[in-house]
Amino acid sequence: MNRLDSRNVLSALLSLFLAMGIWYFLAPTQLGGWVTYVIVDGNSMEPGFHLGDLALMRKQSAYQLGDAVTYQNAEMGRYVFHRIVNIEQDRFVLKGDNNTWLDSYHPTRDEMIGKLWVHLPKFGNLIQWARRPLVLALGCALLGGVMMSGLFLSPSQHGKRKGKETFGMDDILKGALYLTGFAAALFLGFGVFAFTRPLSIAADSFQYQQDGRFFYSAVAAPGVYDGNVIQTGDPIFPKLGCVMNVGMAYNLTGVGLQNVVGTRIFFARVLEEQSGWQRLIPLEAETTFSGNTYFNSAQLDLCQIQSLVASMEQQTGMRPSTYTLEVIAHSTFAAALDGQPVFDSYDAILPFKFDKVHFYLAADVKTGESLQVTKQGSGNGQGLLSNTLSVFGLEISVLAARVFSLIGLAGALVCMAAFGWYFLQGLRPGPDAIVRLKYGGLILDARGLTFQQNLPIVDVASIDDLARLAERQNTLITHVELNFMHVYIVQCNGALYRYYFSASQGEVAYLNSPSHHQLPGYGNAHDETIDAAPLDDSYYEDYGQNDSAPANRAGAIPRRR
């Protein structure tokens with residue numbers, strides 16, 4: 001490998017490390033990175049942030065008052081970039097810097113996308129411009145042209161013809177070097193991530209969540225609804241059918257919760273809000289459950305509820321236009337976490353409004369919130385728990401992740417050092433480089449150059465002798481690289497003066513004289529190798545006066561045996 005190839009390898013290696021560093025710090029979450037790119041759309045965060053600004057967000061383990069964050073708003077179905085102004089238990093209260101009102105939706109920590117890391121004014125407009133189809137197409141075409149030009153314009157190496165590619169051991173080792181560099185960058189990034197996470201976490205910082213989802217249905221009268229069954233969210237007319245089926249599915253989630261047991265009860269409540277009058281209607285008696293899930297279901301007689309209200313009106317004289325019907329699910333549970341008890345309760349309400357004609361979901365409550373009720377909870381334990389990381393769906397301890405990253409990084413660095421040592425050998429100047437450094441102005445590289453036939457060959461002791469002869473004769477040194485040999489030739493005085501050495505070993509090659517196919521156009525009829533001590537000027541002068549001197553003086557010059 002020559003100096004240029006080695007420099008190219010080192011430059012590519014540095015570029016690879018730079019690219020890996022950029023990837024680790026700036027890769028988007030959609031591609032496995034840590035950064036979410038948010039383009040400001042609106043004026044709610046002015047004057048600090050304006051329309052078209054780019055905000056880089058990073059996920060945090062904890063958020064504080066005053067943090068500018070992006071969260072997922074379930075009501076709006078989109079991401080919102082606002083600032084935290086209050087924290088209520090496990091939910092955050094947010095507000096735009098330019099708004100006079102608070103956000104109606106209070107997200108949990110799991111709904112937080114990230115905290116502001118970097119603010120780049122107007123960069124969002126640039127990204128939106130670059131995402132246009134025409135710009136993307138032109139950019140891809142330009143990138144492809146640059147890459148293809150690199151293939152077509154790459155210079156030939158070691159005398160190979162342009163356009164004729166070879167694939168040797170150096171190419172394989174270069175690829176291995178790139179792979180080990182990539183692996184080292186991955187292990188380094190993984191190690192940084194593992195070493196920034198604590199080995200253990202306090203047992204008093206666990207969280208759990210209780211979810212309940214309501215549903216209801218009834219038989220539909222033909223021609224009134226689209227189908228034969230009234231679905232959740234539709235109004236119900238008791239005149240068409242009195243029975244409504246109602247239910248709720250409950251689920252408790254929490255890492256480490258064990259031996260979950262509890263009680264549940266399902267009932268309905270009819271009330272008149274202005275006066276406070278209410279009646280309770282049992283739907284399911286109190287029942288015990290075990291495990292993380294249970295299911296409530298019952299039937300409500302809507303005609304009976306209307307009769308109950310009518311009886312109350314007749315006896316009291318009240319005549320409100322509408323009433324409220326609440327379907328209520330109440331439960332309590334007990335569990336264990338790391339040997340410590342955990343207790344909590346759960347209440348979920350599905351509210352209806354009704355009159356003398358129909359029952360319908362309460363308009364002042366969003367449908368999504370009324371049908372699904374979520375409650376976050378936390379518990380207090382004692383001691384420390386081993387912290388874990390999720391890697392491609394697998395849970396491994398932070399300690400194991402640290403050890404794995406160190407071993408992987410060490411192995412990758414050892415391989416890189418071995419490959420780097422191999423390629424650095426190419427930086428050492430070889431004999432050919434030294435020759436060109438000293439006599440580059442006298443050397444002419446021969447490709448297809450022919451020599452006069454039937455000339456004897458005289459091997460000189462050093463390149464210095466050959467250079468002195470070329471300077472004296474006012475001619476050039478012809479260089480031919482054949483069969484892993486560097487051959488330097490000066491043709492003068494009816495002979496070929498030659499100095500050669502091995503291109504692979506970097507030393508003088510004690511070989512027989514090159515054959516005619518090694519020196520183009522040269523026949524080996526008089527191919528006799530004459531081994532000479534360093535030649536002096538008198539030898540050159542005598543030899544130049546007599547064309548037969550090499551043969552006549554052969555006995556005076558020792559031959560190589």
Side-chain angles (χ1 to χ4, degrees), residues 1-3 158-159 425-447 449-524 526-561:
M1 174 181 289
N2 58 31
R3 183 186 300 268
H158 301 296
Q425 302 307 306
L427 294 176
R428 298 180 180 178
D432 181 58
I434 296 176
V435 168
R436 291 184 178 276
L437 184 63
K438 295 176 64 176
Y439 304 112
L442 292 175
I443 296 175
L444 173 66
D445 289 318
R447 294 181 181 177
L449 184 65
T450 59
F451 299 95
Q452 186 176 345
Q453 298 284 337
N454 302 324
L455 293 180
I457 296 177
V458 179
D459 285 334
V460 300
S462 68
I463 189 63
D464 299 323
D465 291 337
L466 197 62
R468 289 169 55 196
L469 178 60
E471 291 174 347
R472 187 176 183 84
Q473 298 295 326
N474 195 24
T475 186
L476 296 177
I477 301 174
T478 302
H479 169 247
V480 181
E481 185 178 352
L482 296 171
N483 297 339
F484 305 104
M485 293 176 59
H486 287 281
V487 183
Y488 299 88
I489 299 171
V490 173
Q491 179 180 342
C492 67
N493 302 325
L496 298 177
Y497 291 85
R498 178 182 67 179
Y499 174 76
Y500 61 94
F501 56 83
S502 170
S504 59
Q505 299 179 357
E507 58 185 16
V508 174
Y510 292 96
L511 304 172
N512 292 330
S513 302
S515 62
H516 64 282
H517 66 274
Q518 292 175 316
L519 298 179
Y522 175 70
N524 59 354
H526 296 280
D527 187 6
E528 51 182 339
T529 301
I530 302 176
D531 200 4
L535 303 181
D536 54 19
D537 292 343
S538 62
Y539 174 78
Y540 297 144
E541 294 173 357
D542 294 343
Y543 184 74
Q545 295 172 0
N546 188 355
D547 292 343
S548 61
N552 295 335
R553 295 173 59 99
I557 302 176
R559 294 177 179 270
R560 179 180 295 129
R561 299 296 182 185

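Note that the coordinates shown come from a computational prediction; the quantities given were computed from them, not determined experimentally.
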Please report the closest heavy-atom contact between Leu476 and Gly441, naming both atoms and the distance.
CD2-O, 4.0 Å
Output the distance between atom CG (Leu455) and atom CG (Leu496), rounded to the nearest 0.5 Å.
5.0 Å
Minimal heavy-atom distance between Gly494 and Pro456, with the atoms involved, is O-CD, 3.5 Å
Which atom names give the shortest non-hydrogen contact between Tyr497 and Leu466, and what distance separates them?
O-CD1, 3.5 Å
Between Val490 and Arg472, does the side-chain contact (heavy atoms from CB on, under 4.5 Å) criterion hold? Intermediate values first, please.
CA-CA 11 Å; Val490 173; Arg472 187 176 183 84; over 6 Å; no
Might you point out which heavy atoms bring Ile477 and Ala467 nearest each other, and give the distance in Å?
CD1-CA, 3.9 Å
Tell me, do Asn493 and Gln473 make a side-chain contact under 4.5 Å, heavy atoms counted?
yes
Applying side-chain contact (heavy atoms from CB on, under 4.5 Å), run through Glu471 and Leu442 and close with a yes or a no.
CA-CA 8 Å; Glu471 291 174 347; Leu442 292 175; 3.7 Å; yes
What I'd like to find out is whether the side chain of Asp459 reaches to under 4.5 Å of the side chain of Tyr500, using heavy atoms alone.
yes
Contact check, side chains of Ile443 and Tyr488, non-hydrogen atoms, under 4.5 Å:
yes
So Phe501 and His486, would you call those rings parallel, tilted or perpendicular, with 30° and 60° as cut-offs?
tilted
